[in-house]
> 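One structure coming up, written as C-alpha cells, with questions to follow.
For ligands, and for the atoms within them, numbers begin at 1 and follow the listed sequence. In what follows, every heavy atom counts, from backbone to side chain, and hydrogens, waters and symmetry copies are set aside.
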Amino acid sequence: MILMRISIKGLGISGLYLYERLKQSGFDVTAFDVRRRDFYIPCAYATNFNLMKPFMSRIGIDFDNYVLFRSETITMSGENGSEIEFPSAGLVTFDRNGLQRDMMNRIEMETETKADLVVDATGISRSYLGRINGDLTYYTKEYLTDHVIHRDFYFLFLNRGVGYLWEFPLDRGHFHVGIGSIRRDDLNRIDRYNRIRITGRRIRMKPLFEVASIGNIVGIGESVGTVSPLTGEGILPSIESAELLYQAISDKSDPNEAIRLYLKKLNTSFSHYYKLSDFVRKVQTGKLLRPSNIRYASLITKDMKHFGIDFSLGKAVRALIQ
Ligand SMILES: Cc1cc2nc3c(=O)[nH]c(=O)nc-3n(C[C@H](O)[C@H](O)[C@H](O)COP(=O)(O)OP(=O)(O)OC[C@H]3O[C@@H](n4cnc5c(N)ncnc54)[C@H](O)[C@@H]3O)c2cc1C
C-alpha cells in the first residue's frame with residue numbers, strides 16, 4: 001500500500017501537534033512555517049492542564065515541564081464593578097514559546113513538496129484555504145507586564161459582550177494583561193499597565209466549518225474557527241481538531257475520504273460553537289436577559305469548564321443583575 005503524502009502548512013500549536021502524531025505513526029509528512037524562531041507568540045498562554053496533559057503525552061511531551069502558574073481562584077468582573085469568584089477546574093498558564101520551540105526543533109522544514117493532502121494550519125491568515133466573506137475577527141492587544149491588580153486569573157467582561165480584558169499570571173513576577181474586542185477603540189484600555197513587551201493580532205471568533213476544505217486542502221485550528229466564541233480559547237480546541245484529522249487520516253487511505261470523514265467529525269464535535277456564536281451575537285445586540293437564552297446555559301458552563309474554570313451560570317447571573 002502507498003502511504004498518503006501529507007504536507008502541513010503552518011506550525012503553530014495545531015500544525016505541530018498534527019505533525020508529531022502523523023510522524024510518530026509512520027506517515028509520510030512534511031511541514032512548513034514562515035515564522036521567525038524567536039517570535040513571541042501573541043497569546044495569553046492559558047489552558048486547561050487536565051485536558052492538555054493527555055494530548056501532550058500522546059506525542060511524548062511531559063506538559064508539567066511547561067506549566068508557569070496554576071490558578072486556584074478565577075475572578076470575573078463586569079463593568080458595573082461586580083466581582084465574582086470561581087474555583088479552578090485546571091486553568092494554568094504555560095510556556096507556550098518554549099513548548100513550540102522544543103517541538104519545532106524536532107522538525108526539518110520543507111517548502112516545496114508534492115502532497116496528496118495539504119493541511120492549512122496557518123491560523124488567522126487561512127493562507128491556503130483563502131479569505132472568505134462573513135468571517136468574524138476581533139482586535140487584540142497584549143502586554144507582558146510586571147504589575148497587575150490581581151494575583152490570580154482575572155477577567156473583566158466589557159458591556160454588551162463585545163470582549164474582555166484579562167490579567168493572567170505567568171512566572172517570576174510576570175503577567176499577561178490583554179484585551180480582545182470587536183471594537184478597535186477598546187484596545188487602549190490596557191494602556192495604564194506597565195509594558196515590558198507588546199503583542200497582538202486579530203482572532204477568529206466564528207466557526208468556519210462549512211468552508212474548511214477546497215480540493216485536497218483541509219483546515220485545522222483557527223484557520224477553520226476552532227476558537228470558543230465565548231472565551232477565545234483556541235489552543236486546546238485547535239489541538240482537538242488536529243486529533244480529529246489525524247484519526248480520519250489513520251482510518252481512510254484515500255485523501256478525499258479522509259477529508260470527508262474529518263469534516264463530519266469536526267461538525268459534530270464543535271457544533272456547540274455555532275450555538276455559542278449565536279448567543280454572543282444576541283448579547284451584543286442587547287438580548288441577554290431573554291428567557292429563551294436559558295437553552296445556552298449548559299453550553300456556556302461546559303465551555304467555561306473546558307477552559308479550566310469551574311463556572312456556575314446561576315452565580316454569574318446573580319452578580320450581573322445586582
Ligand atoms: C492575544 C491572544 C490571546 C490568546 N490567548 C489564548 C489563551 O490564553 N488560551 C487559548 O486557548 N487560546 C488563546 N488564544 C487563541 C489561540 O492562541 C489560537 O486560537 C491558537 O493558537 C490557534 O492555533 P493554530 O495552530 O490554529 O494557529 P496558530 O497557533 O496561530 O499558528 C499558525 C501558524 O501558521 C503560520 N503561518 C501563517 N501563514 C503561513 C503561511 N502562509 N505559510 C506557512 N505558515 C504560515 C504562523 O507563522 C503560525 O506559526 C489567544 C489569541 C490571541 C490573539
> Write out the residue and atom name of the closest protein heavy atom to atom 6 (C) of ligand 1, then the distance separating them to 0.1 Å.
C43 SG, 3.3 Å

> What pairs with R58 under side-chain hydrogen bond (donor to acceptor under 3.5 Å, both in side chains), at least two apart in sequence or on another chain?
E243

> Using distance alone, with no hydrogens and no angle criterion, decide if E210 and Y274 have a side-chain donor and acceptor under 3.5 Å apart.
yes

> With backbone taken as N, CA, C and O and side chain as the heavy atoms from C-beta onward, which portion of V34 lies under 4.0 Å from ligand 1: side chain, backbone, both, or neither?
both

> Name the closest protein heavy atom to atom 37 (C) of ligand 1, giving the residue it belongs to and the distance to 0.1 Å.
S125 OG, 3.5 Å

> Who's the nearest protein heavy-atom neighbour of atom 27 (O) of ligand 1, and how far?
G123 CA, 3.7 Å

> So do H272 and F279 actually touch side chain to side chain, heavy atoms under 4.5 Å?
no

> Look at atom 34 (O) of ligand 1 and say which protein heavy atom is nearest, naming residue and atom and giving the distance to 0.1 Å.
T122 CA, 3.3 Å

> D146: which residues meet the side-chain hydrogen bond (donor to acceptor under 3.5 Å, both in side chains) condition with it, sequence neighbours left out?
N194

> Students should be able to answer this: which protein heavy-atom is nearest to atom 35 (C) of ligand 1, and at what distance?
D33 OD2, 3.1 Å

> Is a side-chain donor-acceptor pair under 3.5 Å present for Y246 with S25?
yes

> If we only count N/O pairs under 3.5 Å, is V227 in contact with ligand 1?
no

> Identify, for atom 41 (N) of ligand 1, the protein heavy atom at the shortest distance, and state residue, atom and that distance.
S127 OG, 3.0 Å

> Looking at the rings of F168 and F155, which for Trp means the six-membered one, are their centres under 6.0 Å apart?
yes

> Return the residue, atom name and 0.1 Å-rounded distance of the protein heavy atom closest to atom 5 (N) of ligand 1.
A44 N, 3.0 Å

